[in-house]
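What follows is one structure encoded as structure tokens, with my remarks underneath.
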There are 2 protein chains.
Amino acid sequence: MNDQRKYVVSCQACSLNALCVPHSLTESEVAIVDAAVKRSKPIQRNKTVFEAGDKFASLYTVRSGAVKTYSVDQEGDEHVIGFYLPGEMFGLDAISSGQHISSAKALETTAICEIPYNRLEELSAQIHNLQTHMYKLLSHEISEDQQLQLLLSKKTAEERIGNFLLGLSSRYRLRHLSPTSFRLPMARTDIGNYLGLAVETVSRIFTRLQKSNILQVDGKEVRILDQHRLCAVAHVDDADLFHGHGHGTLAAGVHAEPIRVGNIRKF
Amino acid sequence: MNDQRKYVVSCQACSLNALCVPHSLTESEVAIVDAAVKRSKPIQRNKTVFEAGDKFASLYTVRSGAVKTYSVDQEGDEHVIGFYLPGEMFGLDAISSGQHISSAKALETTAICEIPYNRLEELSAQIHNLQTHMYKLLSHEISEDQQLQLLLSKKTAEERIGNFLLGLSSRYRLRHLSPTSFRLPMARTDIGNYLGLAVETVSRIFTRLQKSNILQVDGKEVRILDQHRLCAVAHVDDADLFHGHGHGTLAAGVHAEPIRVGNIRKF
DNA sequence: ATCCGTCATTGATGCATGTCAATGAGAGGC
DNA sequence: GCCTCTCATTGACATGCATCAATGACGGAT
């Protein structure tokens, strides 16, 4: 009990508050949501939150650490679906079938908030702001998935990695962490898998960007030395940098701007 | 007026009823939803339903015909996001930002049902079944988008096209149309664009599959001659054929089974 | 019926990126 | 502190698919 208590915070006191809880919820509404949230103690690297086939019962958000979701095919090969940072919600794909179709695993020591889906459904019928936000959250995830499809179907390896790094950068900025200097929570293999590239390609492009003095890479530590040129490499307009990146959170869509879709490689 | 009336049907009388309206809605609930739906007369091929940048006000379902959604980048290149058949809902990606970020265009003469989003939100707070279904619908779209990401990032051209055809086949079957003999509503260019392939590749693979007597292709008319071998080509388990394909509808997820993710090309 | 524009097909060629192979560098365990 | 295992890097080579180019086939308009 004591052991657990030190990890337990309320939504009201949580530092991710602004990111995770809709700011349009009133204090009392947040309190109601808060009462439904289960906070367990941190789980270790490589421990799963849920696995494909598990009964769907809850949605999850990352409190600290990082999570990847993935599926495993018949041949036993893993396919990375997404990465989640503090304040981001995952497990949304399981609502439709009532069963998890992907697995979720901690990339490092990670604390998770769990919100029982039944309860969330009830609450969203009562709290209009919550319903609005859940719809936006789900819709936002769809938009981002479609953006990723575009990335995967039309962009070069360099563009994919550029976009990926800029996306992470944005997400760290939102969390008031350095957008230019951060640690990749995932392995190169995971990055390649996620972006549809061979590990070797990821590696080569990292070193290429390093040689161009756009990036400084030391293992998982990354420093963006020249954001402007990184944008150029990724074919991303600098002006778009502050929008559209990152996974859904309860607040997703609230701050969202129309997402520019441009910058695709011509064939 | 007379001109319009002949296209107008109620949800209750609509032949897509079972596909489009959640069957768990009671008769009176369907009547309430029905009252919110606007049915306009058919639009012609190449006419848009909405365009990127338009204010988001409604969700749409196809009543007859077919629709594609797409975005256009800065260079003016089009990127196909999805295809929608009768009973399927589109426009979901616009909820989060309040603005359409993609455009939707009729691939042939097409009738559309429109449901104002404000009203849908209101109703979903009142009608529990409707809320449940909307959440499932959105979640289902997310699952499918993730499946597509997997297709785009890991599969060969042949697998992509095989999957694409099998997906269409499933969707036609659901609509009580022939799953083995149908007309592609979209151009080769659109197929290639959607699947991240050059038109020429699509064409070549169609003829290759034809020469193997797996497929019979005559312009847009397609006949699947050997479903079993088509599955083999697509690396899809025959047993999975009846599940997991097609875009969300109001009923999406209701019939949904756990989606097998397998069958990815090994590198 | 004929014309014209869009769409589909087919072949030749090149390139981006996957695959194979081998070495190097950290990180965790005894 | 050393060992081992996993992960990252780098080079050589192979290939699937894009690109370029040209012809053919519809299908809608007049």
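A note on names: the letters A, B, ... follow the listed sequences, proteins ahead of strands, and every chain is numbered from 1. Since this is a predicted model, take the numbers as computed values, not measurements.
Which of C/dA8, D/dT9, D/dC17 sits closest to the side chain of B/A157 comes down to D/dC17. Of the candidates C/dT9, C/dT17, D/dA8, the closest approach to any side-chain atom of A/K220 belongs to D/dA8. With D/dA8, D/dC17, C/dA21 as the choices, the nucleotide that has an atom nearest any side-chain atom of A/E200 turns out to be C/dA21.
Panel note: side chain A/S153, backbone A/Q149; a donor-acceptor pair is recorded below 3.5 Å.
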Considering only nitrogen or oxygen atoms on both sides, find all protein atoms under 3.5 Å from nucleotides 24-29 of chain D and state each distance.
none

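Across every non-hydrogen atom of A/Y70 and A/V80, the tightest pair is CB-CA, 3.9 Å.
Within the structure, every side-chain polar atom (N or O) of B/R204 is placed at least 4.0 Å from both OP1 and OP2 of C/dT9. Checking the phosphate oxygens (OP1, OP2) of C/dT10, no side-chain nitrogen or oxygen of B/S203 falls inside 4.0 Å. Within the structure, every side-chain polar atom (N or O) of B/T201 is placed at least 4.0 Å from both OP1 and OP2 of D/dG16. In this model, the phosphate group of D/dT10 is approached by a side-chain N or O of A/T207 to a distance below 4.0 Å at OP1 or OP2.
A salt bridge is absent between B/E108 and B/K220: the closest approach of a Lys/Arg side-chain nitrogen to an acidic carboxylate oxygen does not fall below 4.0 angstrom.
Atoms CG and OG1, from A/N163 and A/T156 in turn, are 9.5 Å apart once rounded to the nearest 0.5 Å.
You won't find any donor-acceptor pair under 3.5 Å spanning the side chain of B/E158 and the base of D/dC17, going by distance alone.
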